[in-house]
**Student:** 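Let me begin by handing over the structure; questions about it come next.
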Amino acid sequence: MSSSSAESVLASDFHMSYITAQELKCILHWFTGWSAAHRERFLQDLVMKAVPSKICSLLDSLEHLSMTDSAPNIFQCQLRLWNHWFENWTEDERNELLRQLEEIDPAFVAKFYQQVAGTAGKE
């Protein structure tokens, strides 16, 4: 079996629910409109989800909290939705997010993998 036919078989075996596909489309759309600072914040969140026991320290979590009486901004609302959706996704659906992000911004995904690899051996 050739490499391309093997890939098409693998792709056809993976079925994403309609709802998850729509959630993924939203995240990818948001991602394209985020500033560099927003993408960096999203990257940190993504890395913490990939290796939560190795990086998620109390100080890291506190760094992203803000004590204000104002309503959350659109980016904060988007991250809340992303967190909620991601928790319910399968491993294949999470990998699909990374695959599609790589199509949009290969450097972002490379940085993600680099940061995840940098956590190896840390407890």
Side-chain angles (χ1 to χ4, degrees):
M1 182 181 286
S2 73
S3 173
S4 61
S5 61
E7 290 171 359
S8 65
V9 169
L10 289 174
S12 66
D13 288 344
F14 172 63
H15 299 286
M16 183 182 297
S17 76
Y18 175 78
I19 292 172
T20 302
Q22 296 308 305
E23 292 168 351
L24 188 61
K25 283 174 72 173
C26 283
I27 293 166
L28 295 169
H29 176 74
W30 297 337
F31 182 83
T32 61
W34 286 340
S35 67
H38 288 151
R39 286 184 179 198
E40 184 64 30
R41 172 63 182 90
F42 178 67
L43 175 66
Q44 296 310 314
D45 200 46
L46 196 58
V47 170
M48 287 193 314
K49 285 176 178 12
V51 282
S53 63
K54 294 190 178 187
I55 338 197
C56 189
S57 72
L58 179 58
L59 292 177
D60 289 339
S61 298
L62 289 175
E63 180 180 312
H64 299 295
L65 292 178
S66 62
M67 301 297 283
T68 64
D69 291 331
S70 62
N73 64 36
I74 290 175
F75 176 72
Q76 291 166 331
C77 291
Q78 290 170 339
L79 280 185
R80 286 182 187 160
L81 279 171
W82 137 254
N83 282 312
H84 175 73
W85 294 339
F86 187 86
E87 290 173 5
N88 297 305
W89 289 355
T90 66
E91 190 72 22
D92 286 338
E93 292 165 341
R94 293 172 180 184
N95 289 334
E96 182 63 15
L97 170 67
L98 285 172
R99 189 192 68 73
Q100 291 192 34
L101 280 172
E102 190 167 27
E103 289 179 9
I104 296 169
D105 189 347
F108 176 86
V109 175
K111 190 173 180 181
F112 165 76
Y113 284 125
Q114 181 181 31
Q115 288 190 13
V116 168
T119 67
K122 294 182 181 177
E123 290 298 326

**Student:** Under a 4.0 Å threshold between the charged nitrogen and the carboxylate oxygen, would Arg99 count as salt-bridged to Glu102?
**Tutor:** no
**Student:** Mind listing the closest non-hydrogen atom pair of Pro72 and Arg80 along with its distance?
**Tutor:** CG-NH1, 3.4 Å
**Student:** Indicate every side-chain donor-acceptor pair of residues 27-34 with a distance under 3.5 Å to a residue at least two apart or in another chain.
**Tutor:**
unit_1: Thr32; atom_1: OG1; unit_2: His29; atom_2: O; d: 2.6
unit_1: Trp34; atom_1: NE1; unit_2: Gln78; atom_2: OE1; d: 2.6

**Student:** With the side chain counted from C-beta on, respond yes when His84 and Glu23 share a heavy-atom pair under 4.5 Å apart, and no when they do not.
**Tutor:** no
**Student:** Does a side-chain heavy-atom distance below 4.5 Å link Phe108 with Leu46?
**Tutor:** yes
**Student:** Less than 4.5 Å apart, any side-chain heavy atom of Thr20 and any of Glu96?
**Tutor:** no
**Student:** What residues form a side-chain contact (heavy atoms from CB on, under 4.5 Å) with Lys25, not counting sequence neighbours?
**Tutor:** Gln22
**Student:** Is there a side-chain contact between Trp89 and Leu97 in this structure, where contact means two heavy atoms from C-beta onward sitting under 4.5 Å apart?
**Tutor:** yes
**Student:** At what distance, to the nearest 0.5 angstrom, does CD of Glu40 lie from NE2 of His38?
**Tutor:** 12.0 Å
**Student:** From Leu98 CG over to Glu103 CD, what is the distance, rounded to the nearest 0.5 angstrom?
**Tutor:** 12.0 Å
**Student:** Between the main-chain N or O of Arg41 and the side-chain N or O of Gln44, is there a donor-acceptor pair closer than 3.5 Å?
**Tutor:** no
**Student:** Are Glu87 and Lys49 close enough that some pair of their side-chain heavy atoms sits under 4.5 Å apart?
**Tutor:** no
**Student:** Looking at CD of Gln115 and CG of Leu43, how far apart are the two atoms once the value is rounded to the nearest 0.5 Å?
**Tutor:** 4.5 Å
